[in-house]
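Throughout, protein chains are lettered first and strands after them, A, B, ... in sequence-line order, and every chain is numbered starting at 1.
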Amino acid sequence: MARPNDEVEALLREYADLIAITGGDAFKARAYEKAARAIGGYPADIAGLDEDGLKEIPNVGRSIADKVVEYLRTGRMAVLEERRAKIPAGVRELIAVPGLGPKKALRLYEDLHISSVQQLSAALDADALADLRGFGEKSRENIRHGIELLRRAGARVPLSTALDTAEEIVAELSRVTGCRRCACAGSLRRMRETVGDLDILVAARRSDPFMAALCELPATAEVVARGTKKTSVRTAEGLQVDLRVLPQESWGAGMQYFTGSKGHNIRTRTIAVHQGLKLSEYGLFDAGSGQSLASRTEEEVYARLGLPWIPPTLREDRGEIEAALHGELPEVVTERDIRGDLHTHTDLTDGLAPLEEMVAAASKRGYAYYAVTDHAPRLYMQRMTDEKVLAQRERLRELAGTLGRMRLLHGTELNIDPDGEVDWPAGFLAGFDVCVASVHSHFGLGRGAMTRRLVRACENPYVNIIGHPTTRLIGRRAGVDADWDEVFAACARTGTALEVNAQPDRLDLCDVDILRAREHGVKFAVNTDAHAVAHLAQLRYGVGTAQRGWLTRDDVINTWPLTRLRRFLRKGG
DNA sequence: GCCGTTTTCGGCCCGACTGTTTTCAGTCG
């Protein structure tokens, strides 16, 4: 983990979980959760803060500030270690299973001595839970399903975690004397939503200093294998890191080879074979003479195969080779193309930062426009009211003059009811510049009802964007069931955009859904759904996902100039 | 444990859903 903020957030969350599991005061547990969230989302590095500085962070008081200071000074938090001693780490693992909370986890531990997901799975198979209070037939089935969901995410880690770790390692290795190039390849470079292991490449004459440096990194927990060409280690989080050191003249071929995907590489190697060539991680060679024909850059390798350079996010053997051969590769959208964020929150609802801070941070990113879209009243826990949202609009208008070229849009994130209705009547909705509408409840509707619900939302003349359309959470919750082709067709027909939500555990729509929706002629909005200043930077995961869905600037409404965007937001009305 | 333009005490995001509870506990957003 890169920032101490993230480390402290994780520790405080763990402490909160342990309080909940041991039956401590629920409000206390929540206080720690809130503090964890606030610290994780705090823009400044907390390593430089003393107790008074820490107490400036909302929801951090004296007690928590003390514990954070203790951790920053000593690397330990005594109260946390006390709780850890009472409850095996595996019990906390149990509450990660959807459907299992702290109470049931504790019952499993106390009554059946279950302290890991694996033991829980075995107990289910042995039908050992049948007599336990609160674990009826249906509950056991739900838990089984929850475990399956967790497993399917498997050992893979979220893109964001992998990218943080990889960037740290690349930075470290780049400092080693003799480093000519250093970069990550593999599924991370292709921006897949989860990453199984990290492939790091170094170009250098001597490999040994890099192998040694990798083994000695603070993040390295275990050395799996160490050689002269390849070394593998595992981080404390269980992520395997493979390092390969190549001669500089093989850099392009190495990057091409280790970026994959496997399917893409099979295609490129086949093309090589048909031309009497041989493609490996060391270069493109004449099969007969063994003479090297290309290897220094990826462009060179692709060119010698008769192909333009193909963006890594497209290298999945989903038609990119054919498109490249016909000169029809899309010019995929990049982070620089994005002119504004159209789905963000403030502390008026469940965001962490006040309006002024979010807007200032957006302005600093160089956006041409920025929409504030706090939650609407029917997400009851957020306590939104007409008065509050109108007051926010006033404040937004006041701020508008102070921002240089950035324009502010006032929006909201509406809740799509089971029948497809949204929070406010037309007259009130007309006052917003942009409305995102999302499913936040009743995830279990049948396909027909869910399809009608989403189509109805699209048909609302004030709904501009369907937020996180499937509501899936990677590794935790499957998306809702709907006839997506029908929904996509409705979006295209009504001029409603689909969101590519950039939150790393959402990435929703996902790449394959985007590809399908694109066929219907749908437009998209790549948004962060930021709940803190730091989240604005998560845009890149959304852009990566959009690229994997072959989206161009023309497909993405928030790359457009404001006048064109405004025309789209009027939905032809 | 945090917080306060009514409060230094007494609230705390509030309601829905689900399953198994025969009157409500646990989980979730």
Side-chain angles (χ1 to χ4, degrees), chain A residues 8 11-13 15-39 51 54-70 77 79-80 83 94-108 110-111 129-146 149 345 347-352 374-385 388 413-418 423 438-445 467-468 470-473 476-480 501 503 505-506 508 529 531:
Chain A
V8 170
L11 291 174
L12 294 179
R13 276 188 197 282
Y15 191 54
D17 284 347
L18 293 178
I19 290 169
I21 292 168
T22 50
D25 179 6
F27 291 115
K28 186 167 154 182
R30 189 174 293 162
Y32 276 96
E33 264 170 41
K34 278 155 73 178
R37 222 160 70 86
I39 289 174
E51 186 180 321
L54 287 164
K55 281 164 68 183
E56 294 286 307
I57 303 174
N59 300 312
V60 177
R62 171 130 180 250
S63 172
I64 292 181
D66 271 350
K67 294 180 176 79
V68 174
V69 167
E70 179 199 355
M77 205 179 281
V79 287
L80 175 61
R83 295 262 178 174
L94 295 179
I95 66 176
V97 176
L100 270 189
K103 296 289 187 295
K104 287 188 165 183
L106 185 64
R107 188 166 299 154
L108 288 170
E110 286 188 331
D111 292 4
L129 270 54
D131 298 331
L132 208 54
R133 250 179 87 82
F135 291 83
E137 181 61 40
K138 201 73 193 247
S139 294
R140 299 202 297 279
E141 197 40 55
N142 286 342
I143 293 170
R144 228 177 243 122
H145 179 65
L149 275 175
H345 296 272
D347 63 1
L348 185 62
T349 56
D350 60 350
L352 289 167
D374 272 312
H375 286 288
R378 286 190 204 163
L379 201 60
Y380 299 103
M381 60 190 179
Q382 306 299 351
R383 295 180 150 180
M384 179 57 97
T385 62
K388 280 158 87 173
E413 182 180 13
L414 300 163
N415 305 290
I416 308 176
D417 279 2
D423 304 63
S438 313
V439 167
H440 288 125
S441 65
H442 301 88
F443 303 113
L445 285 189
H468 45 74
T470 77
T471 75
R472 66 134 178 202
L473 292 173
R476 286 186 290 151
R477 184 174 73 203
V480 297
N501 187 297
Q503 285 189 10
D505 61 344
R506 289 195 187 273
D508 181 13
D529 193 359
H531 285 67

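- On the C1' atoms, B/dT23 is 25 Å away from B/dG29, given to the nearest whole Å.
- Residue A/K34 contributes atom NZ, which lies 8 Å from atom P of B/dC3 at whole-angstrom precision.
- For A/L132 and B/dG19, the CG to C1' distance is 14 Å, given to the nearest whole Å.
- Across every strand in view, B/dT8 sits unpaired, with no contact that passes the Watson-Crick or G-U test at under 3.5 angstrom.
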Requested in this report: Would you check, one step at a time, whether the test side chain to side chain donor-acceptor pair (under 3.5 Å) holds for A/D508 with A/N501?
Outcome: CA-CA 5 Å; A/D508 181 13; A/N501 187 297; over 6 Å; no
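- Two residues are said to be in side-chain contact when any heavy atoms from C-beta on lie closer than 4.5 Å; A/I95 and A/D17 meet this criterion.
- Between the C1' atoms of B/dT20 and B/dG26, the separation comes to 12 Å (whole Å).
- Taking atom C1' on both B/dT22 and B/dT18, the two are 16 Å apart, rounded to the nearest angstrom.
- Protein atom CG of A/L54 is 16 Å distant from nucleotide atom P of B/dG1, rounded to whole Å.
- Of the candidate nucleotides B/dC13, B/dG19, B/dG1, B/dC13 has the atom nearest to the side chain of A/R30.
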Any N/O pairs under 3.5 Å between the protein and nucleotides 25-28 of chain B? List them or say none.
from	atom 1	to	atom 2	distance (Å)
B/dT27	OP1	A/G101	N	2.5
B/dT27	OP1	A/G101	O	3.1
B/dT27	OP1	A/K104	N	3.1
B/dT27	OP2	A/K103	N	3.2
B/dT27	O5'	A/G101	N	3.4
B/dC28	OP1	A/G99	N	2.8

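- In this structure, A/H440 places its NE2 atom 16 Å from P of B/dC17, rounding to the nearest Å.
- Residue pairs satisfying the salt bridge (charged side-chain N to carboxylate O under 4.0 Å, His left out) criterion with at least one member in residues 56-68 of chain A, sequence neighbours excluded, are listed as follows: A/E51-A/R62.
- In this structure, CG of A/L348 is placed 15 Å from P of B/dC13, rounded to the nearest angstrom.
- Taking side-chain N and O atoms only, A/H442 has a distance below 4.0 Å to OP1 or OP2 of B/dC17.
- If you take OG1 on A/T349 and CG on A/L379, they are separated by 8.5 Å, rounding to the nearest 0.5 Å.
- Among the nucleotides B/dC3, B/dC13, B/dG1, the one closest to any side-chain atom of A/I64 is B/dG1.
- Nucleotides B/dC13 and B/dG19 are separated by 24 Å at their C1' atoms, to the nearest Å.
- Rounded to whole Å, atom P of B/dC12 lies 13 Å from atom CG of A/D25.
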Output side-chain donor-acceptor pairs under 3.5 Å for residues 131-143 of chain A, partner residues at least two apart or in another chain, one line each.
from	atom 1	to	atom 2	distance (Å)
A/E137	OE1	A/R140	NH2	3.0
A/R140	NH1	A/F135	O	2.9
A/E141	OE1	A/R144	NH1	3.1

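- Taking the C1' atom of each, B/dC12 and B/dT7 are spaced 14 Å apart, rounded to whole Å.
- Residues A/K103 and A/A20 share a closest heavy-atom pair of NZ-O, 4.4 Å.
- When rounded to the nearest whole Å, the span between CG of A/N142 and C1' of B/dT18 equals 8 Å.
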Query raised in the report: Step by step, would you call A/H440 with A/R378 a side-chain contact (heavy atoms from CB on, under 4.5 Å)?
Result: CA-CA 10 Å; A/H440 288 125; A/R378 286 190 204 163; over 6 Å; no
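- Comparing the same atom, C1', in B/dC2 and in B/dT8 gives a spacing of 12 Å after rounding to whole Å.
- Considering only the side chain of A/Q382, B/dC13 comes nearest among B/dC13, B/dC2, B/dA16.
- Rounded to whole Å, the separation between the C1' atoms of B/dT6 and B/dG10 comes to 13 Å.
- The separation of B/dG15 from B/dC3, taken at their C1' atoms, amounts to 24 Å, rounded to a whole angstrom.
- Note: A/D505 CG to A/R477 CZ = 9.5 Å, rounded to the nearest 0.5 Å.
- With rounding to whole Å, A/K138 atom NZ is found 12 Å from B/dC17 atom C1'.
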